[in-house]
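Structure record follows, encoded as structure tokens.
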Amino acid sequence: MPAKYQNLKLPCRSLTSLNDPNEANVFLAGTCSPRFGNAIHRLHCVSETDEVVCTAIYEHDNEVWSLKSCPYSESLIVSSSRVQREKLHSIDVWELPESVVPT
């Protein structure tokens, strides 16, 4: 059976792997809801136990339509979003903090 993470409170539209030399099997999942606060979840897949653990949640003001990690820096990602109120699209470059306590 595949490992599952079923604690996303909103639909997920975007996924990317994270280039982190200190951890294997790390992914980001971005939620996509036009009405509620969205987030990017940092997920660690533990292959020994077939668990998926959320190690951080980064708040995101808008719908996350796409995510991509930087191949040269484990702390940089880019997200594509739709700004609901203004009906615009935006691209944001993020520098992820080194440690964030999951909420």
Side-chain angles (χ1 to χ4, degrees):
M1 291 294 278
K4 293 183 181 180
Y5 179 74
Q6 298 178 322
N7 292 331
L8 291 173
K9 295 180 176 137
L10 299 171
C12 175
R13 184 179 196 143
S14 55
L15 298 166
T16 190
S17 59
L18 191 60
N19 300 317
D20 189 337
N22 300 319
E23 296 184 73
N25 307 320
V26 179
F27 299 90
L28 297 176
T31 61
C32 187
S33 172
R35 294 192 179 101
F36 301 103
N38 290 286
I40 297 172
H41 297 252
R42 181 186 178 116
L43 306 174
H44 179 96
C45 297
V46 183
S47 55
E48 296 84 17
T49 60
D50 283 338
E51 288 181 282
V52 179
V53 179
C54 182
T55 58
I57 298 174
Y58 310 102
E59 290 183 13
H60 196 285
D61 292 335
N62 303 305
E63 302 172 52
V64 183
W65 281 26
S66 180
L67 286 172
K68 186 71 175 163
S69 63
C70 177
Y72 307 109
S73 173
E74 65 272 10
S75 65
L76 290 178
I77 64 167
V78 63
S79 67
S80 169
S81 307
R82 179 166 185 241
V83 183
Q84 185 67 23
R85 295 173 302 281
E86 293 132 22
K87 298 188 181 185
L88 299 173
H89 297 270
S90 70
I91 294 175
D92 300 305
V93 177
W94 296 64
E95 185 164 6
L96 300 177
E98 287 188 27
S99 65
V100 172
V101 178
T103 58

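The CG atom of Leu28 sits 9.0 Å away from atom CG of Leu15, with the distance rounded to the nearest 0.5 Å. Distance CZ/Arg42 to CZ/Phe27: 12.0 Å, rounded to 0.5 Å.
When the side-chain contact (heavy atoms from CB on, under 4.5 Å) test is applied to Ser81, the partners found at least two apart in sequence or on another chain are His60, Asn62, Ser79, Ser90, Asp92. Not counting sequence neighbours, Asp61 has no partner by the side-chain contact (heavy atoms from CB on, under 4.5 Å) test. Remark: Ser14 engages Val64, Leu67 in a side-chain contact (heavy atoms from CB on, under 4.5 Å) (not counting sequence neighbours).
Residues His41 and Cys54 come closest through the heavy atom pair ND1-SG, 3.9 Å. The minimum heavy-atom distance linking Glu59 with Trp94 is given by the pair O-CH2, 3.3 Å. Contact detail for Leu10 and Gly37: the closest heavy-atom pair is CD1-O, 3.1 Å. The shortest non-hydrogen separation linking His44 to Val26 is ND1-CG2, 3.8 Å.
Counting heavy atoms from C-beta outward, Tyr58 and Leu96 have side chains that approach closer than 4.5 Å. Taking 4.5 Å as the limit, some side-chain heavy atom of Ile77 sits within range of a side-chain heavy atom of Leu18.
At distances below 3.5 Å, at least one donor-acceptor pair connects side-chain atoms of Ser69 with backbone N or O atoms of Ser17. With Thr31 contributing its side chain and Asn38 its backbone, the two residues share no donor-acceptor pair below 3.5 Å.
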